[in-house]
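Have a look at the structure below, then the notes.
Lettering follows sequence order; numbering is per chain, from 1. Just so it is clear, the model here is predicted, and its values are computed rather than measured.
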Amino acid sequence: MSEFKNTVLEEFKDVWVFCEQRQGVLMPTDFELISEGRKLADELGVRLYGLLLGDKVEGLARELAGYGADEIIVCEHPLLKDYTTDAYAKVICDMVVERKPEALLVGATNIGRDLAPRCAARLHTGLCADCTHLDVDMGIYKDFLREASTLPEEKIAGLGSAIVLGKPHDVSRDLKMTRPAFGGHLMASIICPRFRPCMATVRPGVMKKAPFDQKRADSAVISKPAVRLAASDIRTQVLETVKEARKLVDLTGAEVIVSVGRGISKDIQGGIKLAEELADVLHGVVGSSRACVDAGWITADHQVGQTGKTVRPRVYIALGISGAIQHQAGMSDSECIIAVNKNENAPIFEIADYGIVGDLFKVTPMLIEEFKKAMENK
Amino acid sequence: MDFVLSKEHEMLRKMYREFAENEVKPLAQEIDEEERFPMETVKKMARLGMMGTYFPREYGGAGADPLAYVMCVEELAKVCGTTAVIVSAHTSLCAAPIFENGTEEQKMKYLPKLCSGEWIGAFGLTEPGAGTDAQGQQTTAVLEGDHYVLNGSKCFITNGNVADVFIIIAVTGTATDKRGRKVKEISAFIVERTFPGFSQGKHEKKMGIRGSSTCDLIFEDCIVPKENLLGKVGDGFKIAMKTLDGGRIGIAAQALGLGEGAVEEAIKYTRERVQFGKRISQFQNTQFQLADMHTRMQAAQYLVYAAAMKKEEHARNSKVSYSMDAAMAKLFAAEAASDVTRRAVQLFGGYGYTREYPVERMMRDAKITEIYEGTSEVQKMVIASNLGVK
Amino acid sequence: MKIIVCVKQVPDTSGKVAVNPDGTLNRASMQTITNPDDKNAIEAALKLKDETGCRVTAVTMGPPPAEGMLRELIAMGCDDAVLISGREFGGSDTFATSQIIAAGINAIGLEQDDIVFCGRQAIDGDTAQVGPQIAEKLNIPQVSYVADIKKEGNEIVVKRMLEDGYMTVKVQTPCLLTCIKELNEPRYMSVGGIVDAYSKPMQVFDYPRLKDDPLIEADTIGLAGSPTNILTSFTPPQKGAGMMLEGADRAACEKLADILVGKHII
């Protein structure tokens, strides 16, 4: 890889999206990233490629293209059937070295976050993790900052270059990759000014999926380059892939989440039951704070927060959750936050849209009845 | 004088605190209400070396010092007085006298099992007719061939229901004191629960430390092998008094932790609770109360730590006595804990009187520290006697 | 066999997160802790040590005070520790960091049956990148998101979590595994471990110690060796104040239900 000169930036062009499939099924992030990639390719005036790896996956290509790709590069090989870091990283790096894209987007799934850093390290380039916003065009980026930051206007207006290794560097053609840190208390826009491709993993569920365009799906180029891969390239062996049999709590896709916290301690089972009833009324699911998981009151798949799931439901109801920063990190983007807590100074009230100071064991039964009535009368 | 803790002691504090917060605090209310001995916690503590903190490695101990032990009891007591006294009675009243007075065989036989928590230890001195007055002992031990036969009973024995090994003080005959008076000859024995003739009597229902077991022990022709005599015949009183000197440091540490725990709870609560449109921490009465409470506990901490360090010095140089230091530490810490926990309840108001908050439990737990292992009055006798005021 | 565990000291974000006026994190005002996932990695290594008697070495890159964290990990049961520390290493992004840590692991020496453990990700950056990047720099296989580890002879079989299930993966050694919290419950330090913590060996690898490793070049470490740069950092605007419903009674609940229906939220 050492002969790969990736500091000659002008040799690199086009935006690529790694399209993840599992057992022949595309991931929802693929469509989000193709849609977002289209936007970026247009801002750069280049083509958008989807990069699809697998065994006998060509049939998935047109559907991907329908969300905005000009071309889908299909890399097929029996050894790509199951995901292995070694095989996938080799094929992707080979393709990048050969075709030189300027940006490569990868969904920040458990697989994407395994694959992308390995590739970035091999390609000697920068990678920004778990991005929630991407821009190239400075005007659009500045508008984004005006809306999403507390930066003063003069600072935003003056943006245009960065000091890179002591010299000013024009950032107008750089991909500006914005990501939260410390659970969204801080945001940072990262650039990769000296190396190509610029790489980002993108948080699932954040980018908007474009409408499917049949014409684009039909007209896109599907290419199938040769894949150089041998069994000896792969040092891991997938013995089995199991779809979790137990019912996973689908927190990330839920429209309504009713979460419980330490406040249920005086009657754990009763508290969880109330949350389940309330969730049932609103057709939602039950979540929890880390405290409840750590105490063994509820299984880890319920956990919302920095070390649990990041959720953005329409309605998030926090019962007896104080709202530590880690918890807020996972739910503060919810459209409507309702908090019930005995302690009126609980931090959860600082981000709640509606708050009730009271004992959840007294308030929740009334909420269940009132919501039930309201839902029936709608 | 060095008031800075070593890096190791700071690290121990952090570890004890994490353990207490995560493993002990969540059970504190439950074991109090159910009067349940937290055996699961004992097993966890044993794995971490907390059941044999300051005994040497060759006996299965963790190899730390008495200060490390005191900090352990203190941090446990901040969240649960019961758990603290289990460790204190086990360590100070059973493992310590074996370590300090036992033969090599006795130490090798008992200490590894006590330090590993496989066995729990207890101490039997108090009898219905002999509490503070140890000379009032009625339990007898008579040598018959290769064993002693014990008869009598002991009461208020901490860890009594669960202990496997007991240090038992009994009368083995009569002796003549320095002034030529006939006195009881008192000896100490290591008694295992499984010895024939050993049984336990009624379980006390207590005001505080309700998860700790307290019960009577009954000896009916209880057979104790001769080799289980601890120290020499007639050493019993001395062993008992020295054991209590050490035990008092443990109880002082328990009192210290209870008081500090109450201060922490009160600070947290008064910062949250609003009355008359203000947080109650904004009222000067609250501020002065908390300043006073914290100061008393800080003073107690100095006394308790100083006693622990004196005990460590004693281990190196037996001429150094820590008897008065232990008595002062216990006297002051116990009274401070009783006072501070009571004031904490007052600051909590009505909520403080409910079991929803831990301060009422702390107040009930604190009271016993003024009573057991020598009442406050006995501590004053010890201190006065050390001052030569007779 | 030996295990090298890569750990990071991070600000404790369980309290309030303090942000400087310029939008950077006010680290000075926050306590530091061992990164939670890294503690799971330590526990995984110590479990294997309990089973096999292998040696466990904790490695971190950070300023000199990070020694305190390493001593705590020794008190949990690690045999020794390495602190990679030097001004030359400052300002490194994940690429440069992995370059330096990989050089540190080379200096310790990675043998055929060794394993490197990392936590899944650090709570201050949440990138989850350094583990895989170290593996790449060491040219060893990796498995990330590991929730169960079995050592069967010379093979390691792990459960690798996916969002919707898991994979069972067999991996050759030497390899790198990144651990998630479902893997285990980290043990506490022990009293005996703390007593010995400061007498166990701890090496400091500074720049001169590592500079001859091919991974360490002026343009592969520190700020100059970091492909990424921060263009701007900022704090998001506060959400408008919410509405507190007076009284925890039925009227309040009814009012809330009405509002939510009225706004088509439910």
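- Interface remark: A:Asp86 contributes side-chain atoms only to the contact with chain C (heavy atom separation under 4.5 Å).
- Nearest approach of A:Ala129 to C:Gln129, heavy atoms of both residues: CB-OE1, 3.1 Å.
- Residues C:Arg160 and A:Ile111 approach most closely at NH2-CA, 4.0 Å, considering heavy atoms.
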- Task: Walk me through it: do C:Asp126 and A:Asp130 pass the test side chain to side chain contact (heavy atoms under 4.5 Å, CB included)?
- Result: CA-CA 8 Å; C:Asp126 286 320; A:Asp130 210 21; 5.6 Å; no
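- Residue A:Ala300 touches chain C through its side chain alone, counting heavy-atom pairs closer than 4.5 Å.
- Put simply, the side chain of C:Val143 reaches to within 4.5 Å of the side chain of A:Thr236, judged on heavy atoms.
- Both the backbone and the side chain of A:Ile190 come within contact range of chain C, with heavy atoms under 4.5 Å apart.
- Here the OG-CG distance, from A:Ser189 to C:Asn229, works out to 12.5 Å after rounding to the nearest 0.5 Å.
- Judged by distance alone, with hydrogens and angles left aside, the side-chain atoms of A:Arg235 form no donor-acceptor pair with the main-chain N or O of C:Gln142 at under 3.5 Å.
- The CZ atom of A:Arg22 lies 5.0 Å from the CG atom of C:Leu162; values are rounded to the nearest 0.5 Å.
- At distances below 3.5 Å, not a single donor-acceptor pair connects side-chain atoms of A:Arg118 with backbone N or O atoms of C:Pro141.
- The part of A:Val171 that comes within reach of chain C is its side chain, from C-beta onward, which places non-hydrogen atoms under 4.5 angstrom from that chain.
- In this structure, C:Glu246 CD and A:Ile356 CD1 are separated by 11.0 Å, a value rounded to the nearest 0.5 Å.
- In this structure, C:Val169 and A:Leu239 have side chains that are not in contact, with every pair of non-hydrogen atoms separated by 4.5 Å or more.
- Distance alone, capped at 3.5 Å, is enough to place a donor-acceptor pair between the C:Lys137 side chain and the A:Ala121 backbone.
- Rounded to the nearest 0.5 Å, atoms CZ (A:Arg290) and NZ (C:Lys181) are 6.0 Å apart.
- Heavy-atom distances place the side chain of A:Ile338, and not its backbone, under 4.5 Å from chain C.
- Nearest approach of C:Ala248 to A:Val363, heavy atoms of both residues: CB-CG2, 3.7 Å.
- Both the backbone and the side chain of C:Tyr166 come within contact range of chain A, judged by heavy atoms closer than 4.5 Å.
- Proximity to chain C involves both the backbone and the side chain of A:Thr109, based on heavy atoms less than 4.5 angstrom apart.
- A distance-only check finds no donor-acceptor pair linking the side chain of A:Gln237 to the backbone of C:Lys170 [under 3.5 Å].
- Proximity to chain C is limited to the side chain of A:Thr178, based on heavy atoms less than 4.5 angstrom apart.
- Distance check: A:Leu151 CG to C:Thr235 OG1 gives 7.0 Å after rounding to the nearest 0.5 Å.
- With a 4.5 Å cut-off on side-chain heavy atoms, C:Gln121 and A:Arg113 count as touching.
- Under the 4.5 Å side-chain criterion, counting only non-hydrogen atoms from C-beta, C:Phe234 is not in contact with A:Ile156.
- Looking at C:Leu245 and A:Tyr354, their side chains come closer than 4.5 Å, going by heavy atoms from C-beta outward.
- The candidate from A:Arg179, A:His283, A:Arg314, A:Lys362 with the greatest count of non-hydrogen atom pairs under 4.5 Å with chain C is A:Arg179.
- Few gaps surround CG on A:Leu165; more than 12 heavy atoms of other groups in view lie less than 6.0 Å from it.
- Residues passing the ring-ring contact (aromatic ring centres under 6.0 Å, His included) test with A:Phe195 are A:His124, sequence neighbours excluded.
- For C:Val158, no part sits under 4.5 Å from any heavy atom of chain A, backbone or side chain.
- By the 6.0 Å contact criterion, NZ on A:Lys142 is enclosed, its count of non-hydrogen atoms from other residues, nucleotides or ligands being greater than 12.
- Between chain C and the residues A:Ala162, A:Pro193, A:Gly166, the most heavy-atom pairs under 4.5 angstrom are made by A:Pro193.
- The residue among C:Ile180, C:Val157, C:Ile140 with the most heavy atom pairs within less than 4.5 Å of chain A is C:Ile140.
- In this structure, chain C has heavy atoms under 4.5 Å from both the backbone and the side chain of A:Leu367.
- Judged by distance alone, the side chain of C:Thr228 and the main-chain N or O of A:Gly126 form no donor-acceptor pair under 3.5 Å.
- For A:Glu344, no part lies under 4.5 angstrom from a heavy atom of chain C.
- Of the atoms belonging to A:Cys119, not a single heavy atom falls under 4.5 Å from chain C.
- When heavy atoms are compared at a cutoff of 4.5 Å, C:Thr232 approaches chain A by way of both its backbone and its side chain.
- Residues of residues 250-260 of chain C lying within less than 4.5 angstrom of chain A, judged on heavy atoms, are C:Arg250, C:Cys253, C:Glu254, C:Leu256, C:Ala257, C:Ile259, C:Leu260 in numerical order.
- For A:Asn110 (side chain) and C:Met161 (main-chain N/O), a donor-acceptor pair under 3.5 Å exists by modelled atom type.
- At distances below 3.5 Å, at least one donor-acceptor pair connects side-chain atoms of A:Arg194 with backbone N or O atoms of C:Ser226.
- Of the two parts of A:Val315, only the side chain, counted from C-beta on, holds a non-hydrogen atom closer than 4.5 Å to a non-hydrogen atom of chain C.
- For the set A:Met177, A:Glu369, A:Glu240, A:His327, the entry with the most heavy-atom pairs within less than 4.5 Å of chain C is A:Glu240.
- The two residues A:Thr241 and C:Met167 come nearest to each other via the heavy atoms OG1-CG, 3.7 Å.
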